[in-house]
Amino acid sequence: MKNKNRAPLPRLKPGLHAVDTHCHLEMDAYDEDRDTVIRNAVGDGVSRIITIGIDVETSRRAQEIAGQHEGVFATVGVHPHNVSAVTEDDYATLCTLAGHPKVVAYGEIGLDFVKWYAPEAEQRYHFQRQVELGKSLGLPLIIHDREAHAATMETLKGAAPFPAGGVMHCFSGNMALAEEVLSLGFHISIPGVVTFGKAHDLQEVAAKVPLSSLLLETDGPYLAPEPWRGRRNIPSHVLYTAAKIASLRAISLEEVAARTSENAARLFRLPTVPEP
């Protein structure tokens with residue numbers, strides 16, 4: 001049932017666009033209407049979507065989806081939840097998948113000290129290994145850090161520098177952590193959580209981090225922003241996040257969309273959006 005009180009989707013001026021740098025289009029939450037979700041996003045001005053691999057099978061599926069849609073790009077990698085099952089053959093397969101022309105990053109990789117699907121020692125081993133693998137492939141890294149800030153930064157600082165750069169996906173720290181991330185030359189990606197009333201640390205980060213280092217993401221189908229919190233997230237909803245950042249920084253929605261899109265295009269080497 002439609003909720004008449006939902007805020008309408010923010011609209012960009014013609015000729016401008018936004019990039020959803022982190023969405024899981026390969027997940028079954030989109031199986032019934034994936035093409036429609038992508039088509040609607042493009043119509044709403046979200047002309048670029050990066051769909052994220054979290055194991056070998058989803059990395060392969062992400063690549064396939066990217067191959068079917070002009071504005072969709074893919075990543076490959078093994079999420080910390082899934083590292084217990086990874087094999088040497090899996091790493092060989094990931095290297096092969098990474099050679100696809102629409103694969104633009106290595107990840108989502110990192111540490112998750114909340115759900116503990118894999119023991120800490122296994123997470124740390126495979127995180128270190130994948131950081132080095134991503135670097136060897138010349139790809140930017142997409143980092144998952146959930147309540148593992150110190151351990152994540154220890155690994156990243158030990159592996160620096162990162163010529164191809166990287167991004168702290170779904171940033172969940174404070175300004176002190178943001179400054180550490182920026183010191184590595186990484187970008188900070190802001191999810192829809194920034195629209196939540198109690199997300200004070202993230203709102204401060206979104207307001208103060210240099211605009212040249214910010215990216216937008218949905219992490220769909222998770223973490224839908226207000227006013228869709230608790231529902232399935234879709235790439236179009238990244239515009240709510242952009243509007244919140246614009247409000248926090250007292251700048252226009254168009255400036256946020258333009259600058260974050262430029263950042264994404266530079267980091268992930270995305271092609272220019274065709275003129276309408």
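All values reported here derive from a predicted model rather than from experimental measurement.
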Validation row: V256, I251 side chains within 4.5 angstrom (heavy atoms): yes

Between K157 and E180, is the salt bridge (charged side-chain N to carboxylate O under 4.0 Å, His left out) condition met? List the steps. CA-CA 9 Å; K157 288 178 179 179; E180 288 189 68; 2.6 Å; yes

Compute the ring centroids of F162 and F186, then answer whether they are less than 6.0 Å apart. yes

Specify the closest pair of heavy atoms between P225 and N233, including all atoms of both residues, with the distance to one decimal. CD-OD1, 3.5 Å

Report yes or no: does H100 contribute a side-chain atom to a donor-acceptor pair with the main-chain N or O of K102 at less than 3.5 Å? yes

Any donor-acceptor pair under 3.5 Å linking the side-chain atoms of H187 with those of N263? no

Step-by-step side-chain contact (heavy atoms from CB on, under 4.5 Å) determination, L141 to V167: CA-CA 6 Å; L141 303 177; V167 54; over 6 Å; no

Compute both the distance and the angle, then confirm whether R48 meets the cation-pi test with F73: under 6.0 Å from the six-membered ring centre, within 45 degrees of the axis. no

Without swapping roles, check the side chain of T75 against the backbone of G53 for a donor-acceptor pair under 3.5 Å. yes

Taking atom types as modelled, find out whether R61 and T58 have a side-chain donor-acceptor pair closer than 3.5 angstrom. no

Side-chain donor-acceptor pair under 3.5 Å between D55 and H79, yes or no? no

Decide whether E147 and H149 meet the rule of one side-chain donor and one side-chain acceptor closer than 3.5 Å. no

Minimal non-hydrogen separation, R249 against L214, with atom names: NH1-CD1, 3.6 Å

Locate the shortest heavy-atom distance separating T241 from E217; write the atom from each residue and the value. OG1-O, 4.4 Å

Is a donor on one side and an acceptor on the other found under 3.5 Å between the side chain of D219 and the backbone of Y222? no

Which pair of non-hydrogen atoms, one from F113 and one from A151, has the smallest distance, and what is that distance? CE1-CB, 3.9 Å

Using a 4.5 Å cut-off on heavy atoms from C-beta on, say whether the side chain of R146 contacts that of K115. yes

Do D90 and T87 have a side chain donor and acceptor closer than 3.5 Å? yes

Nearest 0.5 Å, what's the CG-SG distance between L133 and C95? 4.5 Å

Interatomic distance, R259 atom CZ to L211 atom CG [nearest 0.5 angstrom]: 4.5 Å

Heavy-atom closest contact (G166 atom, L267 atom, distance): N-CD1, 3.8 Å

Scanning both residues in full, the closest heavy-atom pair of R124 with L111 reads N-CD2, 3.8 Å

Taking the side chain as every heavy atom from C-beta outward, state whether L216 and I245 have any atom pair closer than 4.5 Å. yes

Between the side chains of Y240 and E226, does any donor sit under 3.5 Å from an acceptor? no

Any side-chain heavy atom of I54 within less than 4.5 Å of one from V78? no

If we only count heavy atoms from C-beta on, is the S47 to V19 side-chain gap below 4.5 Å? no

Can you confirm whether more than 12 heavy atoms, excluding those of R269, are under 6.0 Å from its CZ atom? no

Side chains of P221 and Y30 in contact at under 4.5 Å (non-hydrogen atoms): yes

Rounded distance [0.5 Å steps], CZ in R232 versus NE2 in H237: 9.0 Å

Just wondering, are more than 12 heavy atoms of other shown residues or ligands nearer than 6.0 Å to CD in E70? no

Heavy-atom side-chain contact between H169 and H144 under 4.5 Å: yes

So V104 and L270, do their side chains get closer than 4.5 Å, heavy atoms only? yes

Interatomic spacing from OG1 in T51 to CD in E64 - rounded to 0.5 Å: 11.5 Å

